[in-house]
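Everything on this sheet refers to the single structure shown next.
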Amino acid sequence: MKFYFPDSQDLVSPTYDFLNDEYSPYRVRQRDDKYAHEVVTPVPYDGILVSKAIIDGSVKGAGKYSTPQRERLYRLGVRAFFRLDKDMHTLGDCGAFNYINEPIPPYTVDEVVSFYESCGFDAGVSIDHIIFGYIPTGSSQEPDPAWIERQEISLKLAENFLKEAQRRGEKFQPVGAAQGWGPESYAHSVAKLQHMGYQRIALGGMVPLKSHEILACLEAIDEVRRPDVELHLLGINRVDSMERFAQLGVKSFDSTSAFRQAFMDDRNNYHTATDSFTAIRVPQVDGNPALKRLILSGKVSQADAIACERACLRALREYDEDQDAITVADVLKILGEYEALVLGPKKKSYLAAYERTLKNAPWRDCPCALCRKHGIEIAIFRGTERNKRRGFHNLSILETKMRSLTFA
């Protein structure tokens, strides 16, 4: 089972100064900053997925790449741009989430095939149009006519995409995109794509589905899928179900969930092989928008906030260096003072979750290079450098979990 990590230009600076929270004055981002596969050992994924919408933008506006970054990707190619080892895989798609509200996808087949070819992808997914709806087997509910239209659009574009790739000599592996609203409709898409000649099919629009619903779709697909056709799950990471997914033809998946939970989840920020912990929030006084608004409004004293911020960091580092020097209770008292300033009396407190994190100190037992190097800094919810490193750590845990599975 191969795991692809979707790119969104998530890098960290190896020279970032955590004590002073500042970058090196000599830092050049595109030269010096590192991707997860350059700082985590073993590499936490088998390849990367890059969306055209992230690179070139879509109807929502510009993508996440600056003009110089975009030009450099097209000039160097995807493998050199991301500094990938020869064993790593690359997969391109269109980023259908970015045009979900449009009546038709904003790209032409020619544009997408040219994108995959010029960037040198190993494989590329046909243009699709996401369907967000689910009707279980046996339901009397009729599908929305818009869902049927989107499926037909996706299948027609897939047919034209494959013909154009073949006409140009197939410099990359064409991957057909299947959309549906339930087991029978997904099976219908897969059957059509197989008939066109696709040997690899990506299943889209499944992100909102529960695991048992995904399994129901895969079981229906398995009744029509040829043994030589491989499936890819777009945006899906369900480790507990991966062994069954594999039995039903899934050979690869992509997801950002483990990474994004590091800074998007309210509680489950730091993962271990068997558990998850809440990262300790110590917002930067000069970098946290909510805190800055409180200071500008006069509700919080800037001097008090800076003093509390520094006291929190000092206490956490002291605790990490020597648990006998300061108790968990003392650290929580200091954290509580800052939390009261930042959150106010009406917001829920994180102190009980922090106590659990501090008592377990999971970063001390973690073998990943980032935890060994940065210690408790990994568990502090503060700024992009710490938060993304924690996300990279979570990817390493996902890689460990995937390695422990048995794929017959």
Side-chain angles (χ1 to χ4, degrees), residues 1-6 45-51 78 84 86-94 96 112-113 116-117 120-128 130 151 154-155 157-159 161-166 170-180 183-207 209 211 213-255 398-399 402-403 405-408:
M1 180 79 73
K2 291 183 175 62
F3 168 42
Y4 290 79
F5 182 56
Y45 39 78
D46 300 286
I48 59 167
L49 179 145
V50 183
S51 295
V78 64
L84 298 175
K86 62 180 179 6
D87 295 332
M88 296 191 72
H89 305 270
T90 59
L91 176 65
D93 76 352
C94 292
V112 173
V113 173
Y116 295 154
E117 284 188 342
F121 284 97
D122 298 323
V125 182
S126 63
I127 309 169
D128 61 335
I130 289 179
Q151 184 183 63
S154 298
L155 289 171
L157 287 169
E159 183 179 20
F161 175 81
L162 182 59
K163 288 179 180 177
E164 180 61 16
Q166 290 172 338
E170 292 192 54
K171 298 179 179 64
F172 60 90
Q173 180 189 27
V175 181
Q179 290 286 341
E184 291 81 8
S185 60
Y186 272 107
H188 170 74
S189 284
V190 169
K192 289 284 188 179
L193 292 166
Q194 284 183 156
H195 184 70
M196 293 175 197
Y198 282 101
Q199 292 187 306
R200 189 176 180 189
I201 295 172
L203 306 178
M206 288 187 167
V207 171
L209 302 188
S211 294
E213 293 170 335
I214 296 173
L215 280 169
C217 292
L218 289 173
E219 286 166 357
I221 289 168
D222 202 49
E223 294 181 7
V224 301
R225 181 182 63 87
R226 294 197 310 266
D228 62 327
V229 171
E230 298 181 350
L231 302 178
H232 177 93
L233 295 178
L234 288 165
I236 299 295
N237 170 22
R238 311 289 170 85
V239 174
D240 292 343
S241 300
M242 279 298 174
E243 289 175 332
R244 180 59 181 151
F245 289 172
Q247 292 170 357
L248 296 170
V250 176
K251 298 295 183 182
S252 58
F253 69 100
D254 68 84
S255 173
L398 175 58
E399 191 273 340
M402 291 299 297
R403 263 193 292 119
L405 300 180
T406 301
F407 298 109

Test side-chain hydrogen bond (donor to acceptor under 3.5 Å, both in side chains) applied to Q173 and Q199, R200, E230, the passing residue:
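Only match with Q173 under side-chain hydrogen bond (donor to acceptor under 3.5 Å, both in side chains): R200.
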Rounded to the nearest 0.5 Å, how far does [atom2] of [Y] lie from [atom1] of [X]?
X    : Y    : atom1 : atom2 : result
E117 : E164 : CD    : CD    : 8.0 Å
R225 : L248 : CZ    : CG    : 7.5 Å
M402 : M1   : CE    : CE    : 5.5 Å
L49  : L91  : CG    : CG    : 4.5 Å
L162 : E170 : CG    : CD    : 6.5 Å
L209 : I236 : CG    : CD1   : 7.0 Å

Less than 4.5 Å apart, side chain to side chain, heavy atoms only: is that true for [X] and [Y]?
X    : Y    : result
H188 : E184 : no
F253 : M242 : yes
D254 : L234 : yes
C94  : V112 : yes
L218 : L203 : yes
F245 : L215 : yes

How far apart are the closest heavy atoms of [X] and [Y], and which atoms are they?
X    : Y    : value
Y198 : V175 : CE2-C, 3.5 Å
A96  : D128 : CB-OD1, 3.6 Å
C217 : M206 : CB-CE, 3.7 Å
M196 : L155 : CE-O, 3.3 Å
N237 : S255 : CB-OG, 3.3 Å
F121 : G92  : CD2-N, 3.5 Å

Do S189 side-chain atoms and Q179 backbone N/O form a donor-acceptor pair below 3.5 Å?
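Checking the backbone N and O of Q179 against the side chain of S189, a donor-acceptor pair under 3.5 Å is found.
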Step-by-step side-chain hydrogen bond (donor to acceptor under 3.5 Å, both in side chains) determination, S185 to Q151:
CA-CA 9 Å; S185 60; Q151 184 183 63; 4.6 Å; no
With ring centroids as reference points, do Y116 and F172 lie under 6.0 angstrom apart?
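Distance test on ring centres: under 6.0 Å, yes.
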Going by the angle between their ring planes, with limits at 30° and 60°, are F3 and Y45 parallel, tilted or perpendicular?
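Perpendicular: the ring planes of F3 and Y45 meet at over 60°.
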Should the ring pair H232 and Y4 be called parallel, tilted or perpendicular, given that the plane angle runs from 0 to 90° and is split at 30 and 60?
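H232 vs Y4 ring planes: perpendicular.
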Do L157 and S126 pass the side chain to side chain contact (heavy atoms under 4.5 Å, CB included) test, and can you show the C-alpha distance, the side-chain angles, and the key distance before you say yes or no?
CA-CA 7 Å; L157 287 169; S126 63; 5.9 Å; no
